[in-house]
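The chains referred to below are lettered A, B, ... by the order of the sequence lines, with proteins before strands, and numbering in each begins at 1. No hydrogens, no waters, no symmetry mates; every other heavy atom, side chains included, goes into these values. Nothing here was measured: the structure is a model prediction, and the numbers come from that model.
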There are 2 protein chains.
Amino acid sequence: MGTKKTKNYINRNCSELISLIMVGETMQLLSGKWKMQIITFLLNNGKTRFMDLMRGVEGISPRLLSRELQELLESKMVVRYVTNTKLVTVEYELTEDGKTLKGLLISVANRGTAHLKYLASRE
Amino acid sequence: MGTKKTKNYINRNCSELISLIMVGETMQLLSGKWKMQIITFLLNNGKTRFMDLMRGVEGISPRLLSRELQELLESKMVVRYVTNTKLVTVEYELTEDGKTLKGLLISVANRGTAHLKYLASRE
DNA sequence: CGGTATCCGTAGCGATACTG
DNA sequence: CAGTATCGCTACGGATACCG
């Protein structure tokens with residue numbers, strides 16, 4: 001492979017290439033230290049209250065949980081349910097769109113263990 | 001679902017729950033604004049030189065590309081080849097481990113388009 | 001309970017210039 | 001070509017206190 005002119009780096013739809021733009025887009029939506037864990041928790045446990053999320057996603061602060069939930073609400077990956085307007089009960093749940101992240105999250109989790117094994121095997 | 005004692009939120013291996021810890025672990029490894037795009041590009045194009053990565057991953061600075069490549073090298077997801085020690089030719093390539101990210105990246109990219117469609121359908 | 005307000009440190013990122 | 005050095009910013013995240 002010599003240095004021909006300049007390669008065509010723009011992704012063509014007809015090929016099997018993975019779109020850099022879409023990858024960037026998605027990763028931006030999922031950016032934030034806790035977002036993936038929040039989604040994972042909701043995937044595992046379904047509709048969940050704020051304080052239960054606090055307990056479930058270990059280490060997160062209320063400020064950050066609140067912020068990242070809002071971002072997930074904005075991008076429509078999560079819905080918010082308020083039950084008692086006076087005595088306050090709020091639950092969060094993944095939308096249908098949010099639930100489509102399941103396969104992705106499974107891949108992510110599996111890769112975690114696979115990577116650890118890979119590292120172990122090389123040393 | 002009332003407020004029973006405290007739910008058991010620790011993931012058990014025997015269930016189908018996705019491990020929060022592994023998700024966190026992986027996402028930390030993949031953190032950095034450009035890492036996923038770099039991996040995607042290498043997945044699409046195979047062994048690639050530094051400057052070609054610069055051109056391929058649009059918007060990235062040499063500083064950041066250098067840094068993120070080093071991190072990928074440290075976590076053994078990428079290999080570095082030097083050909084001419086004097087006239088300098090360097091190429092980067094995914095390791096076998098790095099290549100296992102393909103499914104993940106495809107999910108990520110697909111979700112990008114799916115998400116856009118979802119948003120469009122709701123307004 | 002379900003958050004927001006405030007404060008603050010640092011790590012992440014960008015732009016640019018420079019080097020072997 | 002393949003990076004590193006320097007600089008400066010701001011956005012992200014942590015801790016804590018407080019509010020309806």
Walk me through it: do A:V57 and A:T40 pass the test side-chain contact (heavy atoms from CB on, under 4.5 Å)? CA-CA 9 Å; A:V57 182; A:T40 302; over 6 Å; no
Do nucleotides 14-20 of chain C as a string where each nucleotide becomes B, S or -: B if the base has a protein heavy atom under 4.0 Å, S if just the sugar-phosphate does, - if no protein is that close. BB----B
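In terms of heavy atoms, B:L119 sits closest to A:S75 at CD2-O, 4.1 Å. In plain terms, the two heavy atoms of B:F41 and A:L20 that are nearest each other are N-CD2, 3.8 Å. Heavy atoms only, all atoms of each residue included: A:V23 and B:A109 are closest at CG2-CB, 4.1 Å. Annotation for A:T113 and A:N110: closest pair OG1-O, 2.8 Å, computed over non-hydrogen atoms. For the pair B:K35 and B:S31, the tightest heavy-atom approach, listed with the atom from each and the gap, is NZ-O, 2.7 Å. Shown here for B:I38 and B:L72, the closest heavy-atom pair between the two residues is CG2-CD1, 4.0 Å.
The CG atom of A:L65 sits 18 Å away from the P atom of D:dT16 (whole-angstrom rounding). Rounding to whole angstrom units, NZ of residue A:K47 and P of C:dG2 are separated by 14 Å. Regarding A:M54, its CE atom lies at a distance of 11 Å from the P atom of C:dG2, rounded to whole Å. When rounded to the nearest whole Å, the span between CZ of A:R67 and P of C:dT4 equals 11 Å. Atom CE in B:M27 sits about 14 Å away from atom P in C:dG12, given to the nearest Å. Regarding A:F50, its CZ atom lies at a distance of 6 Å from the C1' atom of C:dG2, rounded to whole Å. The separation between B:Q28 atom CD and C:dG12 atom C1' is 14 Å, rounded to whole Å.
DNA chain C is contacted by A:Q70, A:R80 of residues 69-82 of chain A, taking any non-hydrogen atom closer than 4.0 Å.
Side chain of B:S66 to main chain of B:L64: no donor-acceptor pair is present (N/O by atom type, distance under 3.5 Å, no hydrogens or angles).
Taking side-chain N and O atoms only, B:Y92 has no distance below 4.0 Å to OP1 or OP2 of D:dC1. For D:dC1, the OP1/OP2 oxygens have a side-chain nitrogen or oxygen of B:R55 closer than 4.0 Å. The shortest distance between the side-chain N/O atoms of A:R49 and the OP1/OP2 oxygens of C:dG2 is below 4.0 Å.
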Can I get a per-line list of side-chain donor-acceptor pairs under 3.5 Å for residues 97-106 of chain B, giving both atom names and the distance, sequence neighbours left out?
{"unit_1": "B:D97", "atom_1": "OD1", "unit_2": "A:R111", "atom_2": "NH2", "d": "3.0"}
{"unit_1": "B:D97", "atom_1": "OD2", "unit_2": "A:R111", "atom_2": "NH2", "d": "2.9"}
{"unit_1": "B:D97", "atom_1": "OD2", "unit_2": "A:H115", "atom_2": "ND1", "d": "2.6"}
{"unit_1": "B:T100", "atom_1": "OG1", "unit_2": "A:R111", "atom_2": "NE", "d": "3.2"}
{"unit_1": "B:T100", "atom_1": "OG1", "unit_2": "B:D97", "atom_2": "O", "d": "2.5"}

Would you list the atom pairs, donor with acceptor, under 3.5 Å between side chains in residues 77-84 of chain B and any protein atom, with sequence neighbours excluded?
{"unit_1": "B:R80", "atom_1": "NE", "unit_2": "B:Y92", "atom_2": "OH", "d": "3.3"}
{"unit_1": "B:Y81", "atom_1": "OH", "unit_2": "B:E93", "atom_2": "OE1", "d": "3.1"}
{"unit_1": "B:T83", "atom_1": "OG1", "unit_2": "B:T89", "atom_2": "O", "d": "3.1"}

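Overall bending of the helix from C:dC1-D:dG20 to C:dG20-D:dC1, expressed as the angle between end axes built from five pairs apiece, is 50° (10° steps).
Within 4.0 Å (heavy atoms only), A:E91 reaches no atom of the nucleic acid at all.
Considering only residues two or more places apart in sequence or on other chains, B:E91 meets the salt bridge (charged side-chain N to carboxylate O under 4.0 Å, His left out) condition with none of them.
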